[in-house]
Structure formats: structure tokens, C-alpha cells
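None of the values given here were measured: they were computed from a predicted structure. Protein chains get the first letters and strands the later ones, always in sequence-line order, with residue 1 at the start of each. Note: hydrogens, waters and symmetry copies are ignored here, and every other heavy atom, side chains too, is used.
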Number of protein chains: 2
Amino acid sequence: MSAETIDHLTANGVGENLAHPNPPVQDLDASKLRIELTKNPRTVPKLKSDETWSCKACTDHMVKVNWLEGKGWGVPEVVPYGPLTMMPTASCLHYATQCFEGMKVYRGFDGKLRLFRPDRNCARLMSSAVRVALPAFDPLELEKLIKALMKVDGAKWLPESQPGNFLYLRPAMTGNGEQLGVTAPSEVLLFIIAVPWPDISTGWNPSSTGAPKPPGLKLLTSQNDTRAWPGGFDNAKVGAKYGPAFVATMEGRKKEAGASNFFVVWKTKDGRLELITAPLDDKIILDGVTRRSVLDLARERFVASSEYLNSDVKSLDVVERTYTMAEVEEAQNDGRIIEAFVSGTAYFITPVSAINFRDAEMSIPMAGGDSGHYARIVKKWLLDIKYGNVSHKCGVVVGED
Amino acid sequence: MSAETIDHLTANGVGENLAHPNPPVQDLDASKLRIELTKNPRTVPKLKSDETWSCKACTDHMVKVNWLEGKGWGVPEVVPYGPLTMMPTASCLHYATQCFEGMKVYRGFDGKLRLFRPDRNCARLMSSAVRVALPAFDPLELEKLIKALMKVDGAKWLPESQPGNFLYLRPAMTGNGEQLGVTAPSEVLLFIIAVPWPDISTGWNPSSTGAPKPPGLKLLTSQNDTRAWPGGFDNAKVGAKYGPAFVATMEGRKKEAGASNFFVVWKTKDGRLELITAPLDDKIILDGVTRRSVLDLARERFVASSEYLNSDVKSLDVVERTYTMAEVEEAQNDGRIIEAFVSGTAYFITPVSAINFRDAEMSIPMAGGDSGHYARIVKKWLLDIKYGNVSHKCGVVVGED
């Protein structure tokens with residue numbers, strides 16, 4: 001379904017201009033999966049250990065599938081985790097023909113393994129891929145491959161005896177090949193790896209930083225490095241969005257935020273209660289899976305006569321529109337800010353305690369102590385779905401033998 | 001000189017926060033070079049062959065140098081050309097922590113090998129590296145490594161018997177390592193490869209496209225995909241600039257332009273003759289080595305009483321300022337456009353015969369037939385320097401045994 005859309009004429013005319021008389025192209029097909037089990041099992045790091053915090057301890061296996069121009073997707077394989085080889089000319093090393101997804105697999109309190117809305121991540125990987133001239137695929141087949149990897153590694157790396165934990169999953173695609181020209185890659189690798197990951201929504205690793213768990217996140221707004229712009233590609237999860245932002249990221253400590261969506265609960269000037277976040281229209285905001293879930297659940301449950309309302313949690317309007325830091329600052333000065341939080345796969349739902357804006361720090365209320373009331377309730381809703389405390393269409397069970 | 005500036009605190013707090021009490025860090029040192037010659041020599045493709053046009057036929061050897069956090073640069077090596085291995089977690093595969101240079105090495109008509117202003121490319125690679133959280137290095141040492149590679153491969157791949165030819169050189173840096181967290185890479189590879197490359201400034205490859213050599217380049221201006229924006233990173237030669245642009249690149253045939261700088265020779269409304277190009281101030285224009293050389297030579301030689309002036313070539317003002325397609329269109333309608341051309345390592349100096357703007361094609365004069373007069377004379381100046389017809393400080397000889 002993809003090779004036909006890739007034309008090999010290039011920015012500078014360099015590269016082979018092959019004729020493509022609509023050759024039969026093989027779509028991604030998880031039913032062809034081959035499995036080669038490792039002979040050198042790896043050690044599962046202890047929960048909350050330094051090793052978990054290092055984000056290096058990948059599970060025993062990985063999924064690999066190659067795509068070739070004119071032929072399409074090859075046979076998917078579960079193979080022992082190990083190094084990739086690629087030519088120094090590989091497109092992904094020079095031109096950032098690469099994209100990835102971040103998602104998690106959860107061991108539920110009912111003993112089951114679950115993914116959270118995996119269809120969203122799989123569809124987004126495909127749209128990111130097409131954005132950087134990588135081939136398309138059937139997202140449902142990718143979801144099957146993710147499940148297949150977890151069927152192999154889930155029992156050992158997320159044991160039933162330790163419910164309430166998760167692994168981080170990283171499906172990724174890279175452009176390869178032997179041709180250095182500025183053109184769409186003629187060879188592509190799709191791979192999926194899984195790695196134990198710290199729960200950063202619950203605080204920092206004490207043994208590495210020596211710092212106490214912070215009460216909430218402090219956000220920094222940067223005025224120098226532009227990470228998102230209309231007509232850009234910030235709505236795609238492509239490598240190009242990240243590397244150039246690392247320098248801004250590292251300029252100082254506690255300048256967090258990164259790949260999250262930002263929400264504010266405030267009172268409008270005319271006294272309405274509102275949950276606001278930036279819209280997707282301009283394509284400068286990542287269409288976050290957690291973001292979307294927060295909006296969906298809030299629209300469904302923060303309504304009049306809902307069982308979830310109480311003296312601290314009232315019904316509110318859920319609004320997606322462009323708003324500025326100046327508006328946040330004005331609301332802050334008027335005392336209209338109720339709370340703020342970020343959402344994302346890494347941060348999950350993390351309350352925001354302060355925003356650094358124009359070199360001044362704006363303190364954000366956390367009426368519930370270590371979290372605002374809305375952030376806390378939204379977080380619980382999502383946890384209940386992910387860990388199987390409630391049955392919900394967004395929690396997708398991974399079948400295990 | 002670099003590790004001290006890299007702080008390991010990250011966007012999301014994930015990753016080891018190692019203390020760096022200013023450890024001794026080894027700078028890049030070409031004098032430590034080790035050379036391992038290949039036992040499987042590769043075949044040099046014929047000039048103008050399909051193989052040359054495929055941009056795949058790398059030379060026998062490559063340079064590799066590893067950098068490790070806290071240790072700095074390791075021993076540079078010339079090794080047989082071959083695949084790289086990297087962990088699936090390698091930073092460059094996910095976050096575009098990568099940058100590169102494009103430059104050429106020329107076999108002169110005096111029998112000598114030359115680089116053209118290599119100091120510029122080496123300095124730019126370093127500034128690109130720092131832009132994407134990769135380590136710095138002494139650019140002079142990189143230049144020595146480039147020369148060392150050419151000392152090994154130059155005689156065979158650019159034989160003295162075939163003066164007037166060149167190889168394309170690709171120094172590149174990639175972030176590696178075993179850690180998946182969103183952070184500066186703890187391991188980095190610098191490598192240099194060389195590949196026979198078609199001379200696209202002289203036209204298309206007849207055997208691949210069947211198309212005749214075009215009389216000049218047709219440029220397309222895109223209004224959809226934004227490749228450059230103030231505060232972005234388009235002035236750095238980083239992978240992130242390329243992959244996301246491939247889709248725009250490939251939307252149709254003959255939509256060329258890509259990584260070039262654009263020049264117009266026109267008459268201003270008050271009748272002055274001007275060579276104009278966009279400025280570097282906004283950081284949206286690549287600080288092209290060819291661009292800079294065109295400006296330098298034009299300022300030096302297109303002046304009153306210059307020996308280079310004649311009835312077609314007058315003295316002119318050289319101007320770097322922001323100008324718009326609307327201005328070009330107006331000048332075109334007034335008949336004030338003299339000619340236009342692009343400059344770049346790939347295109348060298350290539351005349352522009354038409355510009356596609358707002359779905360209409362604007363025909364640009366080429367008074368000299370297949371090129372404007374100014375483009376032709378600038379091109380000759382540069383060729384004379386590159387191929388040793390004249391001695392000039394920009395032509396740097398590579399010592400061969």
C-alpha cells in the first residue's frame with residue numbers, strides 16, 4: 001500500500017529513477033510472524049532500582065520487520081534483543097527518516113496484561129512514518145506484533161505476582177539503505193523494543209539524584225528555541241522533533257516539560273469553570289493519546305449530576321483552543337487559576353506546581369496538597385482502566401497462554 | 001572541551017544523573033590515527049555510469065572515532081568501509097541526534113588533490129553538533145582526518161590520469177548508547193565516508209531518466225510544508241532538517257531546489273545593478289560554503305575597473321537582505337530580472353531558468369543561452385580554484401605520498 005506513493009525523484013535529482021509499474025506490494029502481515037527465542041536470557045532489573053532508572057535494561061526479545069522498495073513488508077520476526085547493523089549511508093543516520101511511538105503495557109490487578117488504546121499509537125506511527133517519507137502499513141497488524149512481543153516477554157518481565165507495574169514499549173521505524181542521495185529510503189526497518197521504565201509521575205529516583213520527591217512539576221516556557229511552528233511537523237512523533245530540542249532541554253536543571261500536553265483548570269472572566277488545552281488544528285500540538293483520553297473522560301464525567309462531582313470537583317466546560325501564557329498570567333493575577341497538570345506517556349498525569357515565564361516563577365495552586373483535585377481524579381480514572389480495576393474499551397487485554 | 005557542557009538532567013528526569021567533577025576529557029586528536037587497510041578492495045565505478053549516479057559506491061575506507069561521556073574522543077581510525085552496529089536504543093535512531101557535512105575533494109589539472117575551504121565545513125559540523133546535544137571537537141583535527149582518508153583512498157578513487165573530477169565527502173556524527181531516555185547521548189560516533197558522485201550541475205543522467213539535459217533549473221516555491229522558521233534549526237546541517245522535507249520534495253517531479261542557496265541578479269527600482277541573496281541573521285538560511293564564496297568573490301571582483309567586467313558583466317552591488325517572492329515577481333513583471341542561480345555543494349552553481357510560484361511558472365532570463373553571464377563567470381572562478389588552475393587560499397591541497 002505504500003511503495004506506489006513513493007516516487008524516487010529527489011531534491012537534487014540524484015538517485016535511481018526506477019519505474020514502478022504498480023508491482024505487487026506486500027502489506028505488513030503479523031500472521032507470518034516467526035519467533036526465535038533467546039538462548040541468553042537477560043536479567044529483569046528490580047523495581048525502582050538504579051538499573052530501571054537507567055532505561056537500558058531492554059527485555060529478552062524485540063520485533064523486527066524489513067521493508068524493501070517495490071517488494072513491501074517482509075516477514076515479521078521476534079528475535080533476541082541485540083544490536084542492529086546498518087550501512088554508514090543509512091538514510092536515518094543523516095536525514096532523520098525516523099519515527100517512533102511511546103506507549104506502555106500494564107500488569108493489571110486482575111492478573112491480565114493490558115495496552116491502553118494501542119490503536120491510537122499504531123495509527124499515529126503510521127501517520128508519522130508517511131510524514132518523513134517512510135512506508136505505510138496496516139496499523140492493526142502493528143498492534144498484533146506488539147501483542148506478540150508481550151506474549152513472549154510479558155510473563156517474565158511483568159510477572160503476575162507484581163500487579164500495578166508497566167513496561168515502556170517503543171515501536172520505531174528507520175530509513176536504511178546503501179544510497180547516500182537525498183531521497184526516500186529504499187530499505188526500512190520497523191522494530192519494537194520493551195524496557196522497564198521508572199514511574200516518573202511519582203517522583204524522582206532518590207538514589208540517583210539525592211533530591212526529595214518534588215510536590216509537583218515546575219514548567220519552563222522557552223522564548224529562544226522554537227520547537228513547534230505552523231506547517232511544521234510537531235504533530236508527528238518524528239526524531240527531528242527531539243534532537244534539536246535537547247539543548248534547550250539541558251540548558252539548566254528543572255527545565256522540564258518536554259513531550260507532554262498541558263492542561264489548565266481556571267475560571268473564565270465571566271465566571272465559568274473551564275478545563276482548557278491547546279487545539280490540534282495548527283498541527284503544533286502532538287495528538288497525545290493521554291491528552292485525548294483526558295478530554296474524553298472529562299467531557300463524559302465532569303458534567304452536572306455526575307457521580308464524580310463533590311465539593312471540590314464541580315462540573316466544567318472542556319475547551320480546546322489556542323491560549324497564551326499572557327492569558328495564564330492574567331488569570332493567575334486575578335486568582336482565577338484552579339490548577340494545572342501535564343499529560344503524556346512518560347509523565348502520565350502530573351500536577352504542575354509552578355510555571356517559569358519571562359524569568360519569573362508563577363506559583364500554581366495545588367488545592368489537594370500534592371495535586372489539584374481534578375488531576376487526581378483524572379489520574380485515578382485512567383489508572384483504573386489501565387490496571388483493570390474497571391472494564392473499559394480503552395483497556396485492551398493482551399492474550400497470554 | 002565538550003563533556004563538561006553536557007548536563008545529564010533530562011526533559012523528563014529519566015536517565016542517570018552522574019556527577020561530573022570536571023574529569024579529564026580527551027579532545028579529538030588526529031595525530032593518534034590508526035590505519036587498517038582493506039583486504040577486499042572495492043571497484044571504482046566508471047565516470048558518469050549508473051553506478052556513480054546511484055550514490056552507493058563508497059570508497060575502500062572510512063574514518064571512525066568514538067566519543068564517550070566523561071572520557072571524550074577516542075582513537076581515530078581509518079578502517080575498511082562497512083556496516084555500523086548500534087543498539088536499537090541508539091539516540092540517533094529515535095531523536096535525530098545527528099548532523100553531517102557535504103563537501104567535495106577535487107583532482108586538479110595540476111595533479112593535486114584539493115579541498116575547498118574545508119575549515120568552513122569542519123567548523124559548521126561542530127556548530128551543528130552542539131545544536132543537537134552532540135559533543136564539540138577541534139575542527140582542525142577533523143580537517144586532518146578528512147585529509148588522512150583522502151591520502152589513503154585519493155590515488156585510486158580520483159586518479160591523476162582523470163583530472164577535473166571529484167568525490168563527495170560526508171563527515172557525520174550520530175548519538176548512540178544503550179539508554180532510551182530523552183537525554184543527550186552518552187556515546188557518539190563521528191565517521192567520514194567518501195563516494196563517487198554525479199556532477200548534477202551539468203545535467204541529469206541520461207541512462208536513468210531518458211530525459212535530455214535541462215537548460216536550467218526550475219525552482220518550486222512551496223507554501224505548505226515549512227522547512228525553515230525563525231528560532232528553528234535550519235541554519236544547522238542536522239538530519240532533522242531533511243527527513244520531514246522529503247515528502248514535499250517528492251510531491252512531484254521537477255520540484256527541485258532542496259539544500260541550495262538562491263541568488264538573483266536584478267536591477268533595483270532606482271536602476272542599480274544588484275546581486276541579492278537572503279541573509280543569515282534569521283538563522284533560517286544555511287550558511288553555505290559556496291554561498292559565502294560567491295559573495296566574497298563577487299564583492300572582490302564585480303567592482304568598477306575589475307578585469308572581469310565586459311559588455312555583459314557590469315559592476316554591481318552585493319546585498320544580503322530578506323526579500324520576498326512578491327518582490328521577485330514584481331521585478332519580473334517590470335523586466336528588471338537579469339538572471340538567477342542556486343549555489344550549493346550538490347548543485348555547485350546552477351542557473352535557474354524558471355520559478356514556479358503560486359502555481360504559475362515565471363520564466364527567468366538566461367542571456368548567455370544555457371546560463372546567465374554572472375552565474376557562468378562565478379562558476380568558472382570557483383572551478384579554477386577547486387581544480388588548481390589558479391592558486392587561491394580557498395583551495396587547500398591534500399598531501400599525498
Atom pair [atom1]/[atom2] of [X] and [Y] - distance to nearest 0.5 Å:
X      : Y      : atom1 : atom2 : answer
B:K104 : B:W197 : NZ    : CH2   : 9.0 Å
B:T97  : B:N176 : OG1   : CG    : 7.5 Å
A:M173 : A:E101 : CE    : CD    : 11.5 Å

Atom group of B:I193 that falls short of 4.5 Å from chain A, counting heavy atoms: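 Looking at B:I193, just its side chain touches chain A.
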Side chain, backbone, both or neither: which part of B:T174 has an atom under 4.5 Å from a heavy atom of chain A? side chain
Work out which heavy atom in A:K56 is nearest to a heavy atom in B:Q179; give both atom names and the distance. CG-CA, 3.8 Å
If you tally heavy-atom pairs under 4.5 Å between each of B:T85, B:T89, B:L180 and chain A, the highest tally belongs to B:L180
Most contacts with chain A, counted as non-hydrogen pairs under 4.5 angstrom, among B:K64, B:M62, B:M87: B:M87
Taking A:H61 for its side chain and A:L149 for its backbone only, find out whether a donor-acceptor pair lies under 3.5 Å. no
Please rank A:A90, A:C58, A:P88, A:A57 by heavy-atom pairs under 4.5 Å with chain B and give me the top one.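 Option with the top pair count is A:P88.
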So which of A:G177, A:G82, A:G102, A:G175 has the largest heavy-atom pair count under 4.5 angstrom toward chain B?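 Heavy-atom pair counts peak at A:G82.
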